[in-house]
Every structure is written in C-alpha cells, then in structure tokens.
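Note sheet for the following structure.
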Protein chains: 2
Amino acid sequence: MGQFSDKKGGLATQRHTGRRQVLSVIRDAGQIARIDIADKISGSPATVTAITAELLAEGLIEEHTPETPPSGSPRGRPRVALKIRGAAHMLAGIKVAAHAISVCFLDFEGQEAGQFEAEMPKPALSAPELVAFLDETLRKACEKIGVPLARLSGVGLGVAGIIDAPRGLVYWSPILTARNVPLRDLLAARLPMPVFIDNDANLVAKAEQLFGEGKGVRDFIVVTIEQGVGMGIVIDNRIYRGTRGCGAEFGHTKVQLDGALCRCGQRGCLEAYVADYALLREAGTLNLPDSPTAHARLDTLFQAAKDGDEAAGLIFHRASRMFALGLANIINIFDPALIILSGERMKFDYFYAQEVLDAVKSSVLQIDAPLPDIRIHKWGDLMWAKGAAAYAMEEVSDMSVQEMGKDVG
Amino acid sequence: MGQFSDKKGGLATQRHTGRRQVLSVIRDAGQIARIDIADKISGSPATVTAITAELLAEGLIEEHTPETPPSGSPRGRPRVALKIRGAAHMLAGIKVAAHAISVCFLDFEGQEAGQFEAEMPKPALSAPELVAFLDETLRKACEKIGVPLARLSGVGLGVAGIIDAPRGLVYWSPILTARNVPLRDLLAARLPMPVFIDNDANLVAKAEQLFGEGKGVRDFIVVTIEQGVGMGIVIDNRIYRGTRGCGAEFGHTKVQLDGALCRCGQRGCLEAYVADYALLREAGTLNLPDSPTAHARLDTLFQAAKDGDEAAGLIFHRASRMFALGLANIINIFDPALIILSGERMKFDYFYAQEVLDAVKSSVLQIDAPLPDIRIHKWGDLMWAKGAAAYAMEEVSDMSVQEMGKDVG
DNA sequence: AAATTTATTTTAAAGATCAAATTAAATCAA
DNA sequence: TTGATTTAATTTGATCTTTAAAATAAATTT
C-alpha cells in the first residue's frame, strides 16, 4: 500500500504525493501532455495515465483539444494536453485595508472570474463588526458577479497586521480595535466553506509566486511598501512564517539605534523612515500646499522633491538610504535568488532608483558570484485580493488532492 | 515498486525514505524499540521489522540488551532496544581557525573517539599550502588517536569565511590568501573518503542540533561571536544556506548608516561593533597595560570595564546595544522558536547580560505570544570540530541509507 | 504449569509503480 | 488508398512495499 499511514500529521500516502505532483505540474505548465508530465515527475507514463485518469474522473483536470489541429505537427499519435479544469472550484479572495475592501474571484485554473470593491465603514472596527462586514461584502460580491455563495470552495482573507496564519489569529491589525482576534474561525462560522487568512504581504508573495515574477523561483523574497512595510519570504516554494506565524516583520527591523519613532511604539524601525506616515510626518514641517487626502499629500511631496525642493528631496533621500540598508540586510541574511519590490507605491521611484540599487549592491557582501536579482513589480490593488484567492486555491487544491476514493462508497 | 524512479536528483524510493526515517528516529532517540519506531513514523510494526532487519544486516544499527534486566518491568514480551552501531562508521571533523586547527573523531553513534590539536604554521596560507597542511594534520591525528586513515568514512571541514557548501567552494576566508578556492575537491583528491565543507557557524548549528540545545527543535538560529560574528539558520531541521550557499551573514548586517568601518571594507556592519578586532580597535585609545596576545588584551579590557573603567565600559556598552539590535532584527525577521548564543566568547557576559536580553525583548514586535527562547551555550573550541564531524556523519548516514540492495549482485 | 500480556515476526492481501507489450492516432510514402 | 512508420497513451504482468491479521516469542501473573 502507500507509504505509511495517513493519520494525523503523518506521512502522505504514495499515491497522494503522486497526485499532488501531477496536479502541480499541470498547474505550473498551464497545459501539458501526459508524457511530459511523466518526464517532469520522473515517473512512468503508466503511472501518469493512472493518476490523470483519477483526476479526470474527479473533474479536477480536463483534456484540452485545440480546435485547429496544429499544422506542421510531427508524425505519430498526437499528444493530448491536460489542463486544470477551471470549473472544478471557485475561490474568493478578500483584501481588507484601512479604507477599502476588495474581493476577487478566481476559478480553479487561476482565471479571474470577477472583482468587487467597497469602502470600509470606518478605519477600525470591532471584531464582530468586521466579521459582519466581511460576510456582507462577500455576499454582495457574489451577487454582483453572479456566483452563488454556495459555489465557493474556499475564501482567502488578507489582512494587514500581525497574523498567525496557521491558527487563523490576528494578533494585531490596524483595521481592528481589538487584539488577538480569531478572525478566521469567526468568519468561517458564518460561511459554508473553509476560510484561510494570512498577512497581506504573504499574499503578495503568493500572487507573485503563482502569477508574477516569482513563477518557478524556489526561494525569493517580496517587499511591499504601503501604509507599512511588509515582507513575504518564500523558501523551498513555501511561505516561511516562523514559529508564532508572525515572522518576516521587515518593517520593524531596526535600522538606527534610538532612531525615529515608529507607530509600533519602538524607535528606529525601517517603517518609521519609509512608510507613508513617516514621510508625511516629516513633510509636516515643510511649507507645502495642503491636500485633502494622505495620498494626495504624498504626491505633492514627491512632486516637490522632483522639482528640486531641497528639503523634500532630503526626506526621500534619507528614506531611500534606509530602505537600501534594510534591503542589503535581507540579502546578507537570506542570500535569495530574487527580491521583488512589489506594490503600487513602487511608483515613487526613489525606492528603486538606480542609486538605491547601487547602495544595496555596495552594502552586500562582496563575493565573486552574481548578486541576487532585484525586480520591481508595480501592480494594482487587485493583486492583494488575487493573492488571497490564490492562497485559498492552493489550500483547496491540496484538500481536493487528498480526497481520493471518497466516492467509492 | 518505489515512488517514481531514483535517477538524478529525482525522488527517493519508497523504502529509501522509510530507511532514512527509521535511522533518524533511532538516532534521535538514542535507543528505541521497534514498536516505538513504528509509532513515531506512523508505520506498521511489520514494516519496521523489515526495515530494521535490513539495517541490522548492514551493520548500521544493533540491538541493545541491557545486562541487568530492568526490574519492575511490565508483563509481556520485553521490547528490545535498537541503537545506532557506533562501529559502523568513523568520521573526522576539522576546524581551521586563524591560529589553531582542531580535529575531532566521532563514531557513527556520535560518540567522541578522540581529538587532536595543532598550531597553524602561519595565519594565512595559499590554497596548496592549506590543503597539504590539512592532509598532514589529518594523518597525524589518525596516528595519534590510533585510527587508520582508511577507516574514516568521511571528513567534515569547517572554515571561517564565506563558503558555498554545496559546491565546496571557499569564496573568501581569513585563513586563505586566495579567493574562490575549491577547497573540498582539492582535499578530497588527496583523501580516499568523501570530504564535506561548510562555514564554521553552520557547523556550530549542526553541533547544537545533534548534541546541544537545538536537539529536537525544528527551527532555530545560532549566533556565534569570535573573530567575527557568525550565524547558522536551521529551518525545517535543515541548515538554510541561500542560493549562493552564503546566506546567514549576520555579522555583515548593517546596524548603522555610515557606521564603523568593518574589515570587509564596508561601514556599519554589526561585526565592526562587536567582534574582537572592533573592541580592540577602540581599546587602543585607552591607557591599558599592554598584553602580548589579542586574547589577553581583550581580557584586560573586559576586566577594566568590570572594575569600573568608564571608557572601557562604554565600549562594551555600545557593542552590547548593537548586538541587541541585530538580534532583535533576526527575531523580527525569522520569528524563531529558539536563538542559541553559542561559543567560547560568551564568557564575556556583556553579550548576554540581562540588560541586553531586555533590550532585545523591547525591540521585538510586541504581541501576546511567548517570545522566542534565547539560550546561552558556552562550550569550548572542540565543539566546532565536533560539528564538522557531525556534518560528515549526517552526510555519510544519508549515503549509507541509500546503499541498499547493493550487495545482492 | 497455564493464562495473560505485550513485542516481534510471518503471512497473505492490496496498492502502487514500472517495463514491456499493446493499442491508438497521427504522418509519410508509395 | 493502403500500408509503413512514428509517437502517445493504455494495458498487462511482475515486483516492491506496506499493512492487517495471524502466529510466534518471551516475559509476568496466577
């Protein structure tokens, strides 16, 4: 029989791992023939036939026959491509930020199936308020997009703050007035499908891994700058979370002894130099035209710096040097193959201006081997929600793969 | 048959993983009965019987019958304990430092089988000189301890500096005059057994994992302070090495923008505040009695600080604050369960004085979950060599486990 | 000495994979 | 159009591995 028993956190059965591998290879490839799958997993065609037959029967994958037979095809029996069957599952991803909430629907293939956005009623809510609001928003989104709630196989939830993903716990979040909220279970109690929750930066990492620059990269790190500074660590294709589930707090890495005051109450955090509020705090002492929103004020400040305002320039200059320092530390510690600077705020090019990259490079240990690749990926707000949905997709995929022989009765 | 084929870096066979697990459980436990192994690996007693029979036949393990049958034993057939057979393999570990070289012999059970120390001929050697010296020293050690060289199944080598362990390459080391030396292969060419090489801090981590505070801990971090500052990262029971094999350069983490000059040529490295040379550099401006060796001068400085010398005290004070800052960063990034401060230099208690630990705690993100455990482990120079031998032991163990059915032909 | 208890081994059955043989589905060549 | 050729996928039979259940072993208890 399979390899050892499957109870508890025990070992996977033999077939189980095979199924997981095959599904993963198909997902990676988009579409791929059985014989190529066999090649990729170093298994025999016979095994692949057996496994894919199961997956086909369960509706997780499907054969993909192109309408127009490709001309100039080689002799021999043509390979028939297999692909994930999008209709197998529908997933929702929700990203909650201070002012807005966004929902994204993804089918099992990773195709976007709709999106929905709404305002937050107030910047910080109590736990019951937030749960009710999430529930309500998800139902509204389902209605608007035309997907019955019951159709969803899973919901991924991304929240800014300090999250223990495995336990579904929000230690602290700017959008919650309470601490230590078991948000996952609270929401799951109101919904008929499993709920998964994670730190928003980890979800960006997930999105990058599945749809973005991190595709096919085994170890990489994602850094985001928005309200705060976030980091997602991917090691060995999996998100690294630390023991308490709350590692990767790059933003609260100290870059200066007794430095600037951070909103976390400590001093010298990177965030206290580069996050929105840190820049605006310093801009307060400047004589800039007033703007209604923080976003607009930030734009004004950036424009002033670009136009040669020396004080404004100095604000960005210091921020970027601190950012470079923090980034160099990450490289020295992890030696990753790739660092992705992700998020909308990357439009402030001071963060990735050549001089910053140069500063990073000169602060990294010098050896005769290529430096890690640093890539910028600006993409919109939707990405966060998409990452949340992708997170749910992965979890549900894992669950599906394990459900074998269940319908034998 | 087993799970997929075994070619290249492909997947392990089914039995292969079983063997590896059983051996690992036995090693962890010291001695353990078959039925308990079955329990631990969530397998059946029958399987354990099969696997242990193989391992017994190959001489990798042995039954351990206590001379005195334990009184007050329960009814029923008594369980017979299995243990690693020490005589199965003999391993050597070598640690090369600036002034001394130490060799440690370990049997397959992890029992120390002898040690040997020698002076380095000069502080920095050329690659051929070092290889010849290592070869010579190992042979001398064998002679002294009475182990024929051919008896060794593997040699582990620990070198300070920047090492790419998988490739066996020394990018840079204070003991080598050249850069990018393929030291592993150079030494292996002169010896009849496999050679493994790693950064010395990783070897301390390995020693802690097998014999020290890291026993049974899945994720932990080891920090050492000696000539430089080193770090070993254990994630998921394995040493994390980064893509170029040279991650975990904690010592060159920047703790101050444009800070103190480091021997690596950059500014603001942690090492430039807390390593031996950094302290002595500052001590130079003090009026302290001269001492012949660096070691002695450091002792003098430390004593002066303890005796109330304000300037000396300030040197240590700053070093310890910087150290706390660096440590807090590690915790914020990794959220490890355990941090081990390891090495002889821990005798300077400023590094782990309560106030440093307090500073770390107050610089770490505050959430309602227990802080990582920080433990001090002072142990002698031999540990490094022991870690090197342990590294070789693990590698050889893995090789042994894979050699199955080889003697059937 | 028999009954009981627990550990280990043996046995027989069931999964899972793979090599080899077979079948399927195309192109190529006449 | 037909048969040869080629490549993909499936089927078959053998082998390996694990496991449940039965048998055996080795102790204690009665």
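Numbered from 1 within each chain, the chains take letters A, B, ... in sequence-line order. Quantities reported herein were computed from a predicted structural model and do not represent experimental measurements.
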Scan side-chain atoms only and decide if A:Ser400 and A:Ser397 contain a donor-acceptor pair under the 3.5 Å cut-off.
-> no
Atom-pair distance (CD on A:Glu54; C1' on D:dT10), nearest Å | 15 Å
Look at A:Arg218 together with A:Asp236 and state whether they make a salt bridge at an N to O cut-off of under 4.0 Å.
-> yes
So, is B:Thr47 close to the D:dT19 phosphate, meaning a side-chain N or O under 4.0 Å from OP1 or OP2?
-> yes
Do any side-chain nitrogens or oxygens of B:Thr49 fall under 4.0 Å of OP1 or OP2 in C:dT9?
-> yes
Rounded to the nearest Å, what distance is computed from the CD1 atom of residue B:Ile37 to the P atom of nucleotide C:dT6?
-> 20 Å
Toward the 5' end of DNA chain C, by each residue's nearest nucleotide, A:Pro45 or B:Ile35 = B:Ile35
Spacing of B:His16 atom NE2 relative to D:dC16 atom P, expressed in whole Å = 18 Å
Compute the centroid of each ring, for B:Phe220 and then for B:Phe334, and state whether the two points are separated by less than 6.0 Å.
-> no
Specify the separation, in whole Å, of atom CD1 of B:Ile51 and atom P of D:dC16.
-> 16 Å
Between the protein and nucleotides 22-26 of chain C, are there any N/O to N/O pairs under 3.5 Å, and if so, what are the atom names and distances?
unit_1, atom_1, unit_2, atom_2, d
C:dA24, O4', A:Arg77, NH1, 3.2
C:dA25, N3, A:Arg77, N, 3.2

Hey, is B:Glu109 close enough to B:Arg85 for a salt bridge, meaning N to O under 4.0 Å?
-> no
Under-4.0 Å side-chain N/O to phosphate OP1/OP2 contact, B:Arg15 with D:dT18 = yes
Quick one: closest heavy-atom pair of A:Ile84 and A:Glu62, and the distance?
-> O-OE2, 4.2 Å
Answer with base, sugar-phosphate or nothing: what part of the nucleic acid does A:Val48 contact at a heavy-atom distance below 4.0 Å?
-> nothing
Would you call B:Arg34 and B:Glu63 a salt bridge, using N to O less than 4.0 angstrom?
-> yes
Nearest whole angstrom, please: distance from the P of C:dC18 to the CG of A:Asp39.
-> 13 Å
Could you walk me through whether B:Arg27 and B:Glu394 pass the salt bridge (Lys or Arg N to Asp or Glu O under 4.0 Å) test, one step at a time?
-> CA-CA 10 Å; B:Arg27 174 153 276 145; B:Glu394 256 195 2; over 6 Å; no
Could you check how far CD1 of B:Ile41 sits from P of D:dT18, rounded to whole Å?
-> 8 Å
